[in-house]
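What follows is a single structure, written as structure tokens, with notes after it.
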Amino acid sequence: MDADAIVVGAGLAGLVAAHELTSRGRKVALLDQENAANLGGQAYWSFGGLFLVDSPEQRRLGVKDSLDLAWSDWRGSAQFDRTEDEDSWAVRWARAYVEFAAGEKRPWLRGHGIELLPTVGWAERGDLRADGHGNSVPRFHIAWGTGTGVVEPFVRYAREAARDGLLTFHHRHRVDELLVEDGAVHGVRGTLLAPDDSPRGVPSSRETVGDFELTAGAVIVTSGGIGADHDLVRRYWPERLGTPPAHMVTGVPAYVDGRMLDITAEAGARLVNRDRMWHYTEGIANWNPIWPGHGIRILPGPSSIWLDALGRRLPDPCLPGYDTLGTLRHLRTTEDIAGYDHSWFVLTRKIIEKEFALSGSEQNPDITAKDRKAVLRDRLLGKGAPGPVQAFLDHGADFVTARTLEDLVGKMNGLTGKSLLDAAEIRRQIEARDLQMANPYSKDSQVQGIRNARRYIGDRLGRVAAPHRILDPEAGPLIGVRLSVLTRKTLGGIQTDLDSRALGPDGTPVAGLYAAGEVAGFGGGGVHGYNALEGTFLGGCLFSGRAAGRAAAKETA
């Protein structure tokens with residue numbers, strides 16, 4: 001044997017699994033098709049959001065959360081409907097994860113040196129039903145250092161284990177086959193890719209220079225999802241979400257290609273829930289791209305007017321920050337707009353300064369650098385839009401500004417090259433909405449949501465603009481933002497039990513084979529069901545990678 005365990009994929013789940021193994025004295029071969037600069041994988045680029053329940057941060061802000069409330073929210077969002085088959089383990093993973101988030105998760109994170117911002121965000125506010133999708137309370141905790149801060153300790157552990165002779169890095173090793181003998185997985189075979197010194201995230205060469213074979217007592221697959229391969233996304237796009245867009249922007253590097261899913265299935269593992277996926281509707285083209293089609297997601301506050309491609313306000317619950325897949329379904333299944341691949345935010349300068357956040361470690365340099373003074377200065381006390389947001393205003397291909405609504409609509413039509421938007425009709429809708437701002441109560445659901453958000457001190461101080469009329473000249477200029485679908489997460493994958501053991505079609509474990517992270521639907525083949533509560537993707541990598549590493553360490557003792 002070349003190692004006690006082989007880990008395929010050096011992203012967050014793989015690094016966590018490797019740490020659990022090496023901390024127990026096991027020897028690990030860590031393989032990845034990219035170079036050493038890409039350690040941490042996709043998680044490195046994330047905003048660092050972590051789902052926690054009844055945390056000290058929540059309690060300090062007056063948020064009353066509980067395991068029961070979180071579990072109710074999770075079930076209402078997941079809508080598990082295949083519990084006798086594809087969801088049979090996903091439900092158990094979901095319960096275990098929510099219990100982890102309400103208990104051990106925070107001290108476990110702190111034990112690895114991962115600290116949290118004192119504020120808590122309110123993501124995915126839901127479909128406006130108590131028993132439906134969404135977070136009833138704020139639960140989106142951001143790690144100091146964003147995704148880089150979550151990845152950093154596990155990268156350090158891997159390098160220390162390599163120094164101590166317990167871990168061997170195998171960069172530029174692309175796995176093409178899992179080795180199976182007598183029904184048990186005992187290694188991998190693949191292709192050596194030519195050395196490539198490209199910076200992190202930049203597409204690398206696929207020139208081949210040889211092949212390799214490695215054997216071990218256990219193989220853990222942690223290779224991620226399909227988000228960079230738009231053809232795969234379209235192949236598995238579910239009918240319930242209508243037609244897939246012809247144009248999408250890409251929220252993950254090119255190496256998130258889904259190759260290992262079918263390779264693992266060929267070795268005997270079962271793939272489930274492949275029709276479940278998580279793509280954002282608030283994507284914008286990155287003006288300074290790193291990978292092909294690089295898109296950034298806007299993390300919106302609740303105040304922007306959201307219009308479809310024909311200029312109509314989106315219906316409930318398609319409000320900014322509420323129901324991601326509900327909004328995607330509306331945009332892709334409504335007959336007269338399904339042929340268009342964009343929608344619009346219309347907002348004011350006052351709104352963008354307070355409410356726009358951009359997902360990604362590189363879009364939040366103050367938090368990524370753990371610069372508390374910069375966070376206070378730029379986000380709470382500063383005037384104007386944060387620097388990364390201003391950069392998109394200045395350079396972004398999807399942004400237009402104007403002093404009057406008529407000029408703005410003209411520029412919005414100019415972006416698409418089609419006169420789809422009627423300024424008079426948009427004015428009618430916005431003026432009707434603006435009339436609702438005169439009182440602290442309203443019949444407009446979005447205005448109700450704004451005032452509800454302002455009751456939460458975390459939103460009032462740093463996330464939600466003071467209520468005002470969109471057409472108030474003092475709040476301007478007006479801003480239009482063209483939004484595209486941004487590919488991101490795979491919610492289905494390799495079915496696993498609670499030890500992250502890959503299961504075969506008959507429901508029994510495939511000997512020697514484990515899976516964790518996005519390739520396993522973040523646990524069980526689909527822990528999120530149909531919807532995610534946000535802050536649960538990094539946490540799913542941590543939780544499932546931990547389970548895989550611990551179980552493989554026992555097997556290889």
Side-chain angles (χ1 to χ4, degrees), residues 8-14 31-35 38 41-46 172-178 190-191 193 196 198 200-208 221-239 241-266 269 271-281 283 285-286 289-297 324-325 328 332 341 359-360 484-494 515 517-522 525-526 528 532 537 541:
V8 182
L12 181 58
L31 281 64
D32 199 279
Q33 61 182 336
E34 299 303 316
N35 62 23
N38 287 277
Q42 183 181 338
Y44 176 93
W45 298 103
S46 75
R172 306 293 288 160
H173 282 58
R174 185 181 68 197
V175 173
D176 300 321
E177 179 186 357
L178 299 182
T191 302
L193 300 177
D196 190 309
S198 298
R200 182 188 289 273
V202 173
S204 62
S205 167
R206 288 298 179 261
E207 177 189 354
T208 63
V221 178
T222 61
S223 54
I226 67 172
D229 189 331
H230 290 194
D231 289 337
L232 271 182
V233 169
R234 293 188 182 97
R235 181 187 306 175
Y236 293 107
W237 189 276
E239 184 177 350
L241 293 181
T243 57
H247 166 76
M248 297 181 280
V249 292
T250 308
V252 294
Y255 55 72
V256 185
D257 56 16
R259 290 183 70 255
M260 286 303 302
L261 283 161
D262 288 335
I263 290 170
T264 307
E266 290 172 5
L271 304 183
V272 296
N273 297 317
R274 299 202 73 175
D275 62 323
R276 295 180 185 169
M277 51 186 67
W278 187 260
H279 306 303
Y280 292 107
T281 46
N286 192 347
I290 297 170
W291 52 78
H294 190 172
I296 298 294
R297 186 211 173 188
T324 293
L325 290 194
L328 181 60
R332 302 309 310 167
D341 293 340
S359 183
S484 300
V485 173
L486 179 140
T487 62
R488 184 61 66 83
K489 299 294 182 181
T490 309
L491 297 188
I494 301 166
E518 192 174 353
V519 75
F522 301 89
H528 301 94
F537 298 133
C541 290

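None of these values were measured; they are calculated from a predicted model. Sequential numbering from 1 along the given sequence is applied to the chain's residues. All values below come from the heavy atoms of this structure, side chains included, with hydrogens, waters and symmetry mates left out.
- Under the salt bridge (Lys or Arg N to Asp or Glu O under 4.0 Å) criterion, Asp341 pairs with Arg332, sequence neighbours left out.
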- [ ] Could you please spell out the steps behind the side chain to side chain contact (heavy atoms under 4.5 Å, CB included) verdict for Ser223 and Gln33?
- [x] CA-CA 10 Å; Ser223 54; Gln33 61 182 336; over 6 Å; no

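- Val233 has its side chain within reach of Ile226: a pair of non-hydrogen atoms, C-beta onward, lies under 4.5 Å apart.
- Here the CG atom belonging to Leu193 is positioned 9.0 Å from the CD atom belonging to Glu207, to the nearest 0.5 angstrom.
- The shortest side-chain heavy-atom distance between Glu518 and Gln42 falls under the 4.5 Å cut-off.
- No side-chain donor from either of Arg206 and Thr208 sits under 3.5 Å from a side-chain acceptor of the other.
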TODO: List the steps, then state whether side chain to side chain contact (heavy atoms under 4.5 Å, CB included) holds for Arg259 with Arg174.
DONE: CA-CA 10 Å; Arg259 290 183 70 255; Arg174 185 181 68 197; 3.3 Å; yes

Task: Step-by-step side chain to side chain contact (heavy atoms under 4.5 Å, CB included) determination, Ile290 to Val202 - done: CA-CA 6 Å; Ile290 297 170; Val202 173; 4.1 Å; yes

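- Between Thr490 and Phe522, the shortest heavy-atom contact is O-CE1, 3.6 Å.
- For Pro238, the side chain to side chain contact (heavy atoms under 4.5 Å, CB included) partners are Arg240, Leu241, Asp275, Met277, not counting sequence neighbours.
- With a 4.5 Å cut-off on side-chain heavy atoms, Val519 and Thr264 do not count as touching.
- Taken from OH in Tyr44 to CG in Leu12, the straight-line distance is 14.0 Å, to the nearest 0.5 Å.
- Atom CH2 of Trp278 sits about 9.5 Å away from atom CG of Leu328, to the nearest 0.5 Å.
- In terms of heavy-atom proximity, Pro253 sits nearest to Ala228 at O-CB, 3.1 Å.
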TODO: I would like to know whether Ile494 and Leu271 meet side chain to side chain contact (heavy atoms under 4.5 Å, CB included); could you show each step before the answer?
DONE: CA-CA 5 Å; Ile494 301 166; Leu271 304 183; 3.6 Å; yes

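- For the side chain to side chain contact (heavy atoms under 4.5 Å, CB included) test, residues two or more places apart in sequence or in another chain that qualify with Asn38 are Glu34, Asn35, Arg200, Tyr255.
- Between His294 and Trp291, the ring planes are parallel. Angles under 30° get that label, and only those over 60° would be called perpendicular.
- Closest approach of Pro292 to Ala254, counting heavy atoms only: CD-CB, 4.4 Å.
- For Asn273 (side chain) and Gly525 (main-chain N/O), a donor-acceptor pair under 3.5 Å exists by modelled atom type.
- Distance CZ/Phe537 to CZ/Arg488: 8.5 Å, rounded to 0.5 Å.
- The distance from atom CG of Asp229 to atom OG1 of Thr250, rounded to the nearest 0.5 Å, is 10.0 Å.
- Rounding to the nearest 0.5 Å gives a distance of 11.0 Å between CG of Leu232 and OG1 of Thr487.
- A side-chain N or O of Asp176 and one of Thr191 form a donor-acceptor pair less than 3.5 Å apart.
- Residues Tyr236 and Arg274 have side chains that bring a donor and an acceptor to within less than 3.5 angstrom of each other.
- Contact detail for Arg234 and Ala246: the closest heavy-atom pair is NH2-O, 2.8 Å.
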